[in-house]
Every structure is written in structure tokens, then in C-alpha cells.
Protein chains: 2
Amino acid sequence: MSTRPSDAVATLLGQRIKAPTSAVERVADVLREQIVDGALRPGTQLTEESLSTAMRVSRNTVREAYSLLIGERIAVRVPNRGVFVAAPDVAAITDLYAVRALLEPAALRWGPGLDERAVAGLRADVTEAQRCREAHDWVGVASENQHFHRHVVAVGGSERLSTIFATVLAEMRLVFHEAGGPFHAPFVDQNVHIVELLEQGHREAAAEELTRYLSDACAALISAVSKPPSHG
Amino acid sequence: MSTRPSDAVATLLGQRIKAPTSAVERVADVLREQIVDGALRPGTQLTEESLSTAMRVSRNTVREAYSLLIGERIAVRVPNRGVFVAAPDVAAITDLYAVRALLEPAALRWGPGLDERAVAGLRADVTEAQRCREAHDWVGVASENQHFHRHVVAVGGSERLSTIFATVLAEMRLVFHEAGGPFHAPFVDQNVHIVELLEQGHREAAAEELTRYLSDACAALISAVSKPPSHG
DNA sequence: ATTGCCGGATTGTTCAACAATCCCTACTCT
DNA sequence: AGAGTAGGGATTGTTGAACAATCCGGCAAT
């Protein structure tokens with residue numbers, strides 16, 4: 001996969017002529033990052049006035065930015081009450097895993113993009129997750145886990161699917177904040193096993209392992225968020 | 001699957017206490033319908049001022065409504081140029097069918113919702129499609145075809161998936177307007193065959209038939225939109 | 001034919017204002 | 001003490017006017 005000189009030029013030009021980011025998008029970007037990183041917790045109200053003041057934009061701009069996030073399901077608008085960071089409940093968790101249980105194994109089974117390079121990428125994800133786990137870096141474990149699953153869906157070979165799945169992952173991030181630090185640690189080994197099966201060319205077995213993993217993870221997550229907090 | 005009396009009451013109450021529709025949503029609803037029905041053709045510019053005047057709302061309200069449609073991918077915003085009805089090209093069509101090729105057969109294979117009632121619903125869809133075809137009602141054929149595929153994905157048992165797929169179908173509607181009236185007619189029989197397989201309990205065979213169907217339909221659609229219009 | 005400039009159309013954003021909604025608190029009544 | 005009601009404050013939903021910025025098309029000059 002060589003890069004032809006004309007490709008390189010087009011890439012540079014593409015970057016040069018890319019439209020500047022609008023204020024709406026900038027506000028949404030800042031908020032999205034704070035939500036996904038857990039700085040804005042589920043259920044937090046996002047008031048138009050305070051954000052308008054803090055980011056020195058008008059309330060109309062804030063409203064438009066909110067609409068972007070609502071479309072991504074990481075925020076919800078309650079008419080006449082305000083916009084809140086989404087707080088996925090058990091039903092939402094169940095639904096999210098239903099999406100994943102359909103998408104991810106299907107991508108592993110028939111996705112047209114599962115070549116050696118893709119498998120190597122998945123191997124890199126789990127290797128990094130293992131390293132983070134040894135270092136008790138739970139944020140890193142969660143992050144690598146999401147990379148892994150994003151790459152799984154990317155095997156499906158559809159840009160739209162990848163975009164859709166990014167919103168699923170963003171919503172899942174909200175849930176993981178509720179679940180607590182080491183949630184993903186026990187599942188790293190299952191991801192490793194999935195990669196091993198893929199490396200041996202056993203796509204069907206890998207897909208079945210992934211289905212089991214998702215079912216286990218769903219049950220564990222529901223259990224984790226249904227418990228009273230064990231540490232204030 | 002009986003409806004308990006308390007469920008029926010809750011449904012009624014749910015409807016009663018549902019929040020009134022905001023102006024933004026009303027504008028978006030009107031536009032969405034016009035786009036999906038073909039009254040607003042792909043590539044049409046939606047100017048804020050004219051819509052603001054036509055619908056007696058402010059430009060800010062129009063902008064917010066546009067953002068909803070853009071999130072659904074049936075409109076696109078070109079910064080500083082305006083908002084246009086989406087005009088899916090061959091790459092978009094290919095991507096849409098990639099989504100469908102992953103989602104729909106997976107739903108048929110493992111979707112938890114494929115009970116007798118669901119199969120009966122699919123049978124009703126194809127029966128209605130056949131009736132529309134006999135009547136040369138191509139709009140009806142296309143509409144029933146979409147009902148069929150929506151119900152297929154609903155078998156996946158996820159509200160999010162169904163919502164996501166609704167946007168896929170809306171975008172497909174734009175493409176079908178380009179393709180011409182009888183596009184779906186030749187595929188009705190394949191849908192019938194899929195239902196027959198499901199009625200016989202052959203989920204795997206039905207999924208494979210659906211995969212073939214989608215591949216054929218994709219190729220036919222790309223061919224149809226790549227041709228010069230055969231009738232002005 | 002090409003280039004540059006200007007004007008018009010439209011978008012992106014701001015601001016101030018007002019109406020509407022909702023929630024919380026305080027007060028009154030039983 | 002408990003329940004109900006009213007009022008005020010906070011916030012949202014929306015409007016309209018204004019201004020800056022961008023883009024495109026038409027026209028003039030070379």
C-alpha cells in the first residue's frame with residue numbers, strides 16, 4: 001500500500017481546505033470530551049446560561065451544540081427542564097449489548113475487512129490492554145478495550161457502521177464510569193482468546209467467543225451498576 | 001403475548017403525558033416527511049430564510065431543525081454554503097448496503113425476536129407488497145419493502161438498532177427516488193422466498209437468501225442511478 | 001480567455017427580550 | 001402534623017434584529 005505522490009498532495013490539500021470548525025462544533029467537542037472522560041457525570045444538568053457564559057458563546061450556539069450531543073445519545077433533552085448528561089439505566093445497558101451482540105460477532109464472521117493487518121491491530125489492542133492491566137491503569141484498560149471493539153466493528157467495512165458504533169461506545173463510556181475502575185480487567189483474557197482464534201483463522205469460533213464475552217460483560221455490568229456504591 | 005390491563009392503561013397515560021412537540025421538532029418533522037416522500041429532491045438547498053418565512057418560525061429554530069435532519073443523514077450542511085437534502089452517491093449506496101448486509105442477516109440468524117408473530121408480520125408485508133405490485137403501485141411496493149426490512153431488523157430486539165436502521169432506510173429512500181418507480185418490483189419474490197424459509201424454520205437459509213438479495217439489490221441500484229435518466 | 005473586483009445572497013453568530021414551564025419554598029387550612 | 005395552593009425564581013423555548021463572514025456570480029479590465 002504505497003502512497004502515490006498525487007495522494008500525498010491531495011491529503012495535504014484536503015487538510016488545507018478543510019472548513020474551519022464552527023463555534024457549535026467546538027462547543028460540542030469540548031462537552032463530548034468532558035462527558036466521555038467522566039468529568040461531567042451521568043445525570044448532570046447542562047444549563048445553557050452557564051455554558052454560554054463559560055464558553056463565551058450565545059445561548060443559541062449552546063442549544064445547537066446540545067442537539068449534536070443528543071443525537072449521539074450522550075445527552076438527553078427533557079423539554080422545559082433542560083439538557084442532562086445521559087444516564088443509561090439497566091434497560092439502556094441491555095439494549096446497548098443487544099446492539100453489540102448483533103454487530104460485533106457478525107463483523108467477525110463475515111466482515112470483509114478481516115485481513116492480517118486487521119488481526120495484527122486487534123493483537124496490538126489486547127497487548128496494550130494487558131500492559132495497562134499489569135500497571136493497574138484501569139482507564140487505560142477500558143480505553144484499549146474500546147479500541148479493540150471499535151476495530152472489530154471496523155472489520156465490517158462500513159463507515160456508517162463505525163460511526164454508529166462510536167456513539168454506542170460513547171454511551172458505554174458513561175456506564176463504565178458507574179461500574180468502577182477495574183471492570184474490564186477480567187475480560188482482557190477473553191479478548192486475547194478471541195485474537196488467538198482469529199490468528200488461527202477460526203472466525204466462527206472467535207465470533208462465538210465474542211458472543212459469550214458480551215453476554216458475560218452485560219450481566220457483570222448490570223450487576224455492578226445495580227449495587228450500592230461500595231466506596232463513597 | 002397478551003396485553004395486561006395495566007399495560008394498556010400505562011400506554012394511554014404515556015400518550016397523555018407526552019411532552020408537546022417543540023417548534024424545532026415540528027419543523028424537522030415537516031421537512032423529514034417532504035424529503036423522505038421525494039417532494040424535496042436530493043441536492044435541493046434548504047434556505048433558512050425561506051423556510052423561516054414559510055413556516056413562520058425564526059431562523060434559529062430552522063437551524064436547530066436542520067441539525068436534527070443532518071444527524072439523521074438525510075440532509076448535509078456545507079459550512080457557509082447552506083444545508084442541502086442529502087444526495088447519496090455510489091459510495092454512500094455501497095456503504096448503506098454494507099450496513100444492511102451485516103445487520104439484516106444477523107438479525108434473521110440470531111435475533112431473539114423471531115417468533116411466530118414476527119414471521120406472520122413479515123408474511124403480511126410481502127403479501128401487501130405483492131398486492132401493490134399487481135396494482136402497479138410502485139410507491140406502495142417500495143413502502144412495503146421498507147416495512148419488511150424494518151421488521152427484519154426489529155427481530156434483533158434492540159430499540160437502538162431499530163432507530164439506527166430507520167435512518168438507514170430514510171437515506172435509502174433518497175436513493176430510491178433516483179432509481180425510478182418499479183425498482184423494487186423484481187425483488188418482491190425474493191422477500192417472499194425469505195418468508196417461506198422462515199416459516200419452515202430455516203433461519204440460516206433465510207439469512208443467506210437475504211444476503212444474496214442485498215448484494216443483488218445493491219448492484220441493481222448502483223446500475224440504475226449510474227444510468228442517464230431514461231425518461232426526462 | 002483569464003483575472004480581479006464588487007455586489008448580492010446566504011450563513012454563522014450574537015444579543016436582548018418575552019412567553020412558557022417547572023420546581024421549590026412558604027403559607028394556609030384542616 | 002400533613003396536605004394543598006400560590007408565588008417567585010430559575011431555566012428553557014423562541015423570536016427578531018443586527019452584524020460579520022463567506023461564497024458565488026456577474027461584469028469589467030487586461
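Basis for what follows: all heavy atoms, side chains included, without hydrogens, waters or symmetry-related copies. Lettering of chains follows the sequences in order, A, B, ..., and the numbering in each one begins at 1.
The distance between atom CE of B:Met55 and atom C1' of D:dT14, rounded to the nearest whole Å, is 14 Å. Here D:dT12 presents its P atom at 11 Å from CD1 of A:Ile70, a figure rounded to the nearest Å. Protein atom CG of B:Leu51 is 12 Å distant from nucleotide atom P of D:dT15, rounded to whole Å. Between B:Phe84 atom CZ and C:dT10 atom C1' there is a gap of 10 Å when expressed in whole angstrom units. The separation between A:Arg63 atom CZ and C:dC15 atom P is 17 Å, rounded to whole Å. For the pair A:Arg77 CZ and C:dC22 P, the computed distance is 15 Å after rounding to whole Å. At whole-Å resolution of the value, CG in B:Leu46 and P in C:dG12 are 12 Å apart. Atom CD of A:Glu49 is separated from atom P of D:dT12 by 8 Å (rounded to the nearest Å).
In this structure, CZ on B:Arg32 lies 13.0 Å from CG on B:Leu40, to the nearest 0.5 angstrom. The line from CG of A:Leu122 to NE2 of A:His149 is 10.0 Å long, rounded to the nearest 0.5 Å.
Between A:Thr61 and C:dG12 there is no side-chain polar atom (N or O) within less than 4.0 angstrom of OP1 or OP2. In this structure, B:Gln45 does not reach the C:dA9 phosphate: none of its side-chain N or O atoms is under 4.0 Å from OP1 or OP2.
Side-chain proximity of B:Val57 to C:dT10, D:dT15, D:dC23: nearest is D:dT15. The side chain of B:Thr47 approaches C:dT11 more closely than any other nucleotide in the set D:dG13, C:dT11, D:dT12. In this structure, of D:dT11, D:dT14, C:dT11, it is C:dT11 that holds the atom nearest to the side chain of B:Glu48. Comparing C:dG12, C:dT10, D:dG13 against the side chain of B:Asn80 picks out C:dG12 as the nearest.
Evaluation of atom-type donor-acceptor distances gives a pair under 3.5 Å for the side chain of B:Arg59 against the base of C:dG12.
Ring-plane geometry between A:Phe183 and A:Phe187 is classed as tilted, the angle between the planes lying from 30 to 60 degrees on a 0 to 90 degree scale. Ring geometry, A:His147 versus A:His151: the interplanar angle falls from 30° to 60°, so the pair is classed tilted.
Within a 6.0 Å radius of CD in B:Glu159, no more than 12 heavy atoms belonging to other residues, nucleotides or ligands are found.
In terms of position on DNA chain C, the residue among A:Arg81 and A:Asn60 whose nearest nucleotide sits closer to the 5' end is A:Asn60.
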